[in-house]
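Let me begin by presenting the structure, written as structure tokens, before commenting on it.
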Amino acid sequence: MSDVVIEIEGAKRHYTTPAGVVKALDGVDLTVERGEFLAIAGPSGSGKSTLLNLIGALDTPTEGSVKIDGTSLSEMREKALAELRRDRIGFVFQAYNLIPVLSVLENVEYVMLLQGKGASERHKAAKEILAEVGLSDMLDRRPVELSGGQQQRVAVARAIAAKPSLVLADEPTANLDSATGIALLEMMQSLNKTYNMTFVFSTHDQEVMARATRLIRLRDGKIESEERRG
Amino acid sequence: MIIKLAWRNIWRNKRRTILTALTLTIGVVALSMMLTLAAGMVERMIRVATHSRIGDAQIHAAHYLETQDETLTIPSTTALLEQARKLPDVKDATARSIGIGVLSIADRTSGIQLLGIDPEHEKNITNWSERIVDGEYISEPGQVMMGSHLAEKLEVEVGSKMILTAANVTTGETTAELVRVKGLLYTGDVATDRQAAIVHLDMAQKMMGTRGQAHEIVLKLNIPIEQREPIEAIIAPLKRDGISVEPWQTMNPIVAQMKGLMESYMDVMVVVLFMILAFGLINTISMSLLERMREFGVMRSLGTSGSMLAKLIVTEAAFLGFIGAVPGIVCGLLISQLLVTYGLDFAGTTAYGMEFREPIYGQLDIPGTVRVAVMFVILTTLVSLFTAIRAARLEPVEAMRGG
Ligand SMILES: Nc1ncnc2c1ncn2[C@@H]1O[C@H](COP(=O)(O)OP(=O)(O)OP(=O)(O)O)[C@@H](O)[C@H]1O
Ligand SMILES: [Mg+2]
């Protein structure tokens, strides 16, 4: 039981629009165990982002429940949710992940700063991670001074710097060329192995899917198929 | 960290920040100048009122002020005068006799207010000795001094001989005396300039039959006189039955209320001016925040709480306020200093029975300017509060989508 990180039961997310109800997610059950490297695939509009947002407590399901480490998100207050995101979850979005007024180093330190960690501890951890993603010589640059791939690497570094138990990544490689994408993915894989961090990410990319320990395919807000690998 | 983030955030769009701050700066400068002028105006009004006639405090027989009854002279004038001069913080005191009379020359006649003064002590009370526009200040009986207005009306000049007629206050018997026009003056007090014939106290008392008894004792103090209370404290020992001892505020309540009136007027101006500025502010602040909704969503996803985000937004607005207000204080006071040094010319304007013949010199109102600036900072912060609360309440995913 202690190995279950995410537990989703009958999750629905419906949007009411002038054109009618959009069923972005329409009854998803999913259990993710610690240390998984889980890929979510599916055509555009199938609900991948919606699902990740529900897991990350960025959004609330219309129906059903989402539990992280055994606690139902619907029972948590705004403050507790903020702390959950801060302490246990790392996010990587498709683009525009970084806080523009902060340098690379400051962006990576941001979460630890929120956690109230001391300056030297923050510096050390952030520099280590940035070295791992190969950005040691860009610590003082602002996000606008980086390429898209470099920005994504900073985003990954930031997501994992505070050693969260769960990293959620919404198409982290979509904006990158395939070589850069693979490098990023390999980095995520090694972190997954080293720290036993759970990774859940959405992707369109076959190569990326091939590296997952489990692959879930969504279609029209439902889980269409599921395969376990390795 | 909020401070660092806020500070960097406001400099993201330098032009917009500077333009927005500039509107605040201009607002503070404008209000600072208005405050300076208003303070100068009030100070001038008080000074004109006290220097040109009423002094800082006055003593009369009881009921004299209401009735203007000439038989109501101050009992034991001399003793009271001496006591007053000995009081701490009393610069000097002088006695005046006031009655009515007629001044005539050839076929021209004018009813006048006969004002008997003690020339030496009067010099310490009013500005009349400095306000001689022609001739000299009077020094002995047989001389008369009058406003240039009155002189023009009677077509007399310095050196003219005139007949002064006045009635004995008890018997009603009239006496006429020959007087020589010694000086023409301009005091700024309309009543004095248009109606008074100023003669030596001895002469006035002889004609009115009130030897040794004055109608009015006027005091000049060594303290700031804007406030009533300190004056009351100094003159309190003079109070006794049968006489009234009052600060200048009683004699000229309109000018006395001026300061308070100006202050409430300025408060209204601050709010009005800010409301005009607020339209621009609300627009820029909410626009720049809307553009950043995605960024707020990212921050929320990293575990930034809604309240911290709100604090950040409010801090940014407060910084913006400061960036506008602090130069506003500095520039406002510097420009106001010009008004203090060079004054503003209102020549020929009459207000509340006093003429402003000289330019109004401003008086720096530093606390007032700072208060205005602080109000601007607070109001700017309040404006941002609405957007801040909205951004804080938004679900992170909604923010990510752009609000
Ligand atoms: N705020 C919203 N209002 C209405 N419909 C929405 C909203 N957000 C998402 N949707 C709809 O929900 C469905 C799922 O969206 P979602 O973003 O999860 O898809 P996705 O699988 O991530 O697609 P993509 O691969 O293009 O990123 C889509 O049909 C989308 O149009
Ligand atoms: Mg998506």
Side-chain angles (χ1 to χ4, degrees), chain A residues 13 15 24 49-61 77-103 106-117 119 122 142-144 151 155 158-159 161-162 164 168-170, chain B residues 1-18 285 287-320 323 388-403:
Chain A
R13 182 67 170 100
Y15 292 103
S49 297
T50 308
L51 180 59
L52 283 169
N53 289 339
L54 288 184
I55 298 172
L58 298 181
D59 198 4
T60 329
R77 323 243 338 198
E78 203 280 320
K79 191 164 173 283
L81 289 175
E83 281 167 9
L84 172 83
R85 291 193 287 261
R86 182 188 76 189
D87 297 336
R88 281 189 273 172
I89 304 178
F91 282 95
V92 182
F93 304 102
Q94 190 174 334
Y96 312 114
N97 273 296
L98 305 177
I99 301 172
V101 293
L102 297 183
S103 70
E106 287 166 338
N107 258 289
V108 176
E109 282 184 37
Y110 184 83
V111 176
M112 290 182 276
L113 225 150
L114 290 179
Q115 290 171 339
K117 293 201 175 130
R122 282 185 338 241
R142 291 284 172 92
V144 285
Q151 287 185 28
R158 186 185 55 192
L168 303 173
D170 194 0
Chain B
M1 176 184 47
I2 290 185
I3 296 199
K4 184 166 86 178
L5 272 174
W7 183 252
R8 289 189 189 171
N9 277 328
I10 56 169
W11 293 113
R12 274 160 76 169
N13 193 331
K14 284 203 184 68
R15 209 173 66 105
R16 181 157 64 191
T17 298
I18 287 171
I285 289 179
M287 229 173 56
S288 66
L289 293 180
L290 279 178
E291 285 168 10
R292 287 165 56 199
M293 275 300 173
R294 224 206 112 80
E295 177 186 333
F296 294 149
V298 168
M299 291 178 71
R300 293 294 299 280
S301 77
L302 296 177
T304 312
S305 64
S307 63
M308 187 172 153
L309 192 60
K311 273 186 213 150
L312 173 69
I313 294 170
V314 170
T315 310
E316 286 177 25
F319 271 143
L320 187 63
I323 291 171
I389 289 170
R390 227 191 79 195
R393 289 231 175 109
L394 221 53
E395 286 239 34
V397 67
E398 291 174 296
M400 300 276 280
R401 238 182 265 120

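Protein chains get the first letters and strands the later ones, always in sequence-line order, with residue 1 at the start of each. Heavy atoms only: backbone and side chains are in, while hydrogens, waters and symmetry mates are out.
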Assert top hit (heavy-atom pairs under 4.5 Å, partner chain A, pool B:G297, B:G303, B:S307) equals B:G303

Smallest heavy-atom separation, A:L58 atom then B:E395 atom, equals O-OE1, 3.4 Å

Residues B:R8 and A:V101: closest non-hydrogen pair is NH1-O, 2.8 Å

When every non-hydrogen atom of B:S301 is compared with those of A:R85, the smallest separation belongs to O-CB, 3.6 Å

Bottom line for A:T60: the part with an atom under 4.5 Å from chain B's heavy atoms is both

Taking every heavy atom of A:L114 against every heavy atom of B:L302, the minimum-distance pair comes out as CD1-O, 3.7 Å

With chain B, the option among A:L81, A:N97, A:L98 that has the most non-hydrogen atom pairs under 4.5 Å is A:N97

Cut-off 4.5 Å, heavy atoms of chain B, and the answer for A:E106 is side chain

The reported gap from CG in B:L5 to CG in A:L113 (rounded to nearest 0.5 angstrom) is 8.5 Å

> Take atom CZ in B:R12; do more than 12 heavy atoms of anything else shown fall under 6.0 Å from it?
Replying inline: yes

If one checks every heavy atom of A:D59 against chain B at 4.5 Å, the contacting part turns out to be both

The interface call for A:R142 against chain B, heavy-atom contacts under 4.5 Å, is side chain

